[in-house]
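Below is one structure, written out as structure tokens; comments come after it.
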Amino acid sequence: MPRYLEGWLADVVKISLSRERINKVRERPIYLLSKFIKSTIDKNAIIAEFKRKSPSGLNENRDLEEYVKFMEENGAIGISVLTEEKYFGGSYSDLENAAKIVKIPILMKDFIVTEKQIDTAFNLGADAILLIVKILTERELINLYEYARNLGLEAIVEVTDENDLKIALRYDFNIIGVNARNLSSLEVNIRNARKILEMIPNDRIKIAESGIKNKEDIIELKKYGADAFLIGTTLMKDPNKIKELI
Ligand SMILES: O=C(O)c1ccccc1NCC(=O)[C@H](O)[C@H](O)COP(=O)(O)O
């Protein structure tokens with residue numbers, strides 16, 4: 001059973017626990033996110049996120065196919081697709097549709113607490129999944145990580161504070177996401193994210209997530225060790241921004 005949670009997080013985990021596995025034969029090769037990030041030298045490694053709405057108040061209904069195609073054509077090295085339905089307006093069909101279009105890594109962005117969700121990610125063509133330290137027990141985190149790796153998927157292990165990071169660094173998770181957004185209060189604290197980034201050893205791939213608005217934010221986060229940048233709201237509001245952020 002995931003960790004004790006309150007409010008919307010408890011609700012979103014309860015929904016995750018009951019989501020059905022989608023049984024479908026995977027139709028695309030696996031594109032390793034770690035490889036794409038490590039081989040990005042001449043530009044910023046941007047993972048462009050598709051999310052229609054969010055608890056923080058985003059509400060942007062764009063054409064998914066157009067968005068993901070545009071991001072790939074303009075240099076994004078990955079796509080994050082929200083598949084959580086209630087709070088983010090996402091769906092498994094969004095993931096399936098994105099997988100038919102792009103030839104760059106796709107992250108299934110959801111609140112993953114079951115193996116069924118990881119099976120669905122693999123079957124629908126995702127290349128990576130998100131494992132959020134804040135909502136999982138350590139045993140669940142390890143088990144789900146190994147389950148994903150056994151399918152050939154990579155996992156971004158997401159931390160939001162020093163306690164989460166202390167847990168994540170006990171294991172050899174090779175991709176760590178630092179979310180500047182507090183998942184309960186929704187407050188975005190870039191300063192805190194920079195402090196967490198600095199605490200991560202350089203043998204891990206570090207992804208800065210949330211609150212990235214402009215090139216200055218990227219330059220600053222790079223100074224603190226970020227290798228890649230997961231950007232949703234800024235790009236959903238104005239996809240052309242990718243041209244100045246890349
Ligand atoms: O986006 C939200 O409002 C949100 C609220 C609570 C938990 C997670 C949330 N979003 C998921 C994410 O981590 C972000 O979508 C992602 O990091 C991109 O953030 P942003 O560029 O600030 O949209």
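Both ligands and their constituent atoms are indexed starting at 1 by order of listing.
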Just wondering, do [Y] and [X] contact through their side chains at under 4.5 Å, heavy atoms?
X: I218; Y: L245; result: yes
X: N143; Y: E115; result: no
X: N174; Y: R204; result: no

For ligand 1, is any non-hydrogen atom under 4.0 Å from [X]'s backbone (N, CA, C, O), its side chain (CB onward), both, or neither?
X: L186; value: side chain
X: W8; value: side chain
X: M236; value: neither

Identify, by atom number and element, the atoms of ligand 1 in contact range of [X], meaning under 4.0 Å from any of its heavy atoms.
X: S54; answer: 1 (O), 2 (C), 3 (O)
X: F88; answer: 1 (O), 2 (C), 4 (C), 8 (C), 9 (C), 10 (N)
X: T233; answer: 20 (P), 21 (O), 22 (O), 23 (O)
X: G232; answer: 18 (C), 20 (P), 21 (O), 23 (O)
X: I231; answer: 21 (O)
X: K109; answer: 11 (C), 12 (C), 13 (O), 14 (C), 15 (O), 16 (C), 17 (O)
X: L230; answer: 16 (C), 17 (O), 18 (C)

Of all protein heavy atoms, the one nearest atom 1 (O) of ligand 1 is K51 NZ, 2.6 Å

Considering only protein heavy atoms, which is closest to atom 4 (C) of ligand 1, and at what distance to one decimal place?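 The answer is R181 CD, 3.4 Å.
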
Applying side chain to side chain contact (heavy atoms under 4.5 Å, CB included) to I104 and Y31, what does each step give before you reach the verdict? CA-CA 6 Å; I104 54 176; Y31 297 89; over 6 Å; no

Show the numbers, then the answer: is there a ring pair (Phe, Tyr, Trp, His ring centres under 6.0 Å) between F173 and Y145? CA-CA 8 Å; F173 303 138; Y145 184 85; 4.5 Å; yes

Would you call [X] a ligand 1 contact, heavy-atom distance under 4.0 Å?
X: Y87; answer: no
X: N179; answer: yes
X: T234; answer: no

Has the side chain of R26 got a donor or acceptor atom that lies under 3.5 Å from a matching backbone atom of L124? no

Heavy-atom donor-acceptor pair, K116 side chain to I22 backbone, under 3.5 Å: no

Establish, yes or no, whether the cationic atom of R19 lies under 6.0 Å from the six-membered ring centre of F111 and within 45° of the ring axis. no

Cation-pi between R194 and Y224: NZ/CZ under 6.0 Å from ring centre and within 45° of the ring axis? yes

Restricting to heavy atoms, the pick from G211, S185, S210 nearest atom 17 (O) of ligand 1 would be S210

Heavy atoms only: which of E84, E49, K53, E209 lies closest to atom 16 (C) of ligand 1? E49

Test side chain to side chain contact (heavy atoms under 4.5 Å, CB included) applied to I246 and I46, step by step: CA-CA 7 Å; I246 203 75; I46 291 175; 4.1 Å; yes

Exercise: identify the closest heavy-atom pair between I132 and D110: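 Heavy-atom minimum between the residues: CD1-O, 4.2 Å.
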
Say whether S56, considering both its backbone and side-chain N or O atoms, lies within less than 3.5 Å of an N or O atom on ligand 1. yes

